[in-house]
Amino acid sequence: MNNEKLIIISAPSGSGKTTLIRHLMQELPIFEFSVSATSRKPREGETHGKDYYYLTIDEFKKNITENQFIEWEEVYPDRFYGTLKSEVTRIASLGKVALFDVDVKGGVNIKKLFGEQALSVFVRPPSVEVLEQRLRIRGTDSDEDIRTRVEKAAEELTYAEQFDKVVVNDNIELSKVELVNLISIFVQKS
């Protein structure tokens with residue numbers, strides 16, 4: 001791995017992270033999105049190789065055994081997420097800055113691996129209650145999945161202090177500006 005800068009963005013599900021990342025990539029076209037691998041099924045409208053690399057549980061476990069990930073996590077039982085080493089290579093070959101959208105444990109692990117080369121940003125919802133409302137409005141998860149995600153979010157919020165920066169997303173437009181500004185400053189530093 002070289003001395004290129006990397007951006008890590010993590011958040012509990014429903015925090016607005018995806019919206020913020022889309023905005024960041026529009027504003028700063030120097031980034032290339034690091035496509036994560038997952039063992040979950042695609043949601044409607046998601047594409048293999050663009051949104052995620054969708055792997056079966058067996059394929060995911062085989063990649064773990066073969067040491068093909070820079071980080072991975074079993075986020076829920078039999079629901080794995082990870083970052084393939086081949087993604088870092090692909091992005092470097094394009095001459096772009098890698099942008100990682102990973103779960104909080106993955107974010108902490110990538111930061112440990114890359115140190116000062118990486119800026120880690122935690123996107124925090126204003127409260128767990130607001131997060132639950134957002135998940136319900138999104139309408140992509142069952143009640144049981146929402147309960148699981150809310151419980152997981154409460155734990156994930158305890159990781160915020162391990163990130164370089166925290167963006168509290170209580171106003172999406174202000175959060176977009178804050179994120180672009182802090183990342184611009186990091187990328188421009190030599």
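Considering only residues two or more places apart in sequence or on other chains, Phe100 meets the ring pair (Phe, Tyr, Trp, His ring centres under 6.0 Å) condition with none of them. Applying the ring pair (Phe, Tyr, Trp, His ring centres under 6.0 Å) criterion to Phe163, with sequence neighbours excluded, gives Phe122. With sequence neighbours excluded, the residues that form a salt bridge (Lys or Arg N to Asp or Glu O under 4.0 Å) with Asp143 are Arg136. For Glu74, there are no salt bridge (Lys or Arg N to Asp or Glu O under 4.0 Å) partners two or more places apart in sequence or in a different chain. Annotation: side chain to side chain contact (heavy atoms under 4.5 Å, CB included) contacts of Thr38 (sequence neighbours excluded): Arg40, Tyr52, Tyr54, Tyr81.
With values rounded to the nearest 0.5 angstrom, Leu179 atom CG is found 8.0 Å from Ile21 atom CD1. Note that CD1 of Ile7 is 12.0 Å distant from CD1 of Ile110, once rounded to the nearest 0.5 Å. Atoms OG1 and OH, on Thr83 and Tyr53 in that order, are 11.0 Å from each other to the nearest 0.5 Å. Going from atom CZ of Arg90 over to atom OG of Ser34 covers 7.5 Å, rounded to the nearest 0.5 Å. A distance of 11.0 Å separates CZ of Arg124 from CG of Asp170, quoted to the nearest 0.5 Å. Note that OG1 of Thr19 and CD of Glu173 are 10.0 Å apart. Values are rounded to the nearest 0.5 Å.
Taking both residues in full, the closest heavy atoms of Gly107 and Ser10 are given as CA-OG, 3.6 Å, listed atom of the first, atom of the second, then distance. Closest approach of Lys50 and Val35 over heavy atoms only: O-CG2, 3.6 Å. What you find for Asp164 and Ala118 is that their closest heavy atoms are OD2-O, 3.5 Å. Residues Val166 and Glu178 come closest through the heavy atom pair O-OE2, 3.8 Å. Counting all heavy atoms, side chain and backbone alike, Leu55 lies closest to Ala37 at CD1-CB, 3.9 Å. Here the closest heavy-atom approach between residue Val168 and residue Pro126 is recorded as CG1-CA, 4.2 Å.
Residue pairs meeting the salt bridge (charged side-chain N to carboxylate O under 4.0 Å, His left out) criterion with at least one partner in residues 93-110, sequence neighbours excluded, are Lys17-Asp101, Glu73-Lys105, Lys105-Glu155.
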Item to check | Evaluation steps, salt bridge (Lys or Arg N to Asp or Glu O under 4.0 Å), between Lys62 and Glu59 | outcome: CA-CA 5 Å; Lys62 181 176 187 254; Glu59 289 170 333; over 6 Å; no

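Between the side chains of Asn169 and Ser15, no donor N or O sits under 3.5 Å from an acceptor N or O.
Ring geometry, Phe80 versus Phe60: the interplanar angle falls under 30°, so the pair is classed parallel (tilted spans 30 to 60°).
Counting non-hydrogen atoms of other residues, nucleotides and ligands closer than 6.0 Å to CZ of Arg138 gives a total above 12. Within a 6.0 Å radius of CD in Glu66, more than 12 heavy atoms belonging to other residues, nucleotides or ligands are found.
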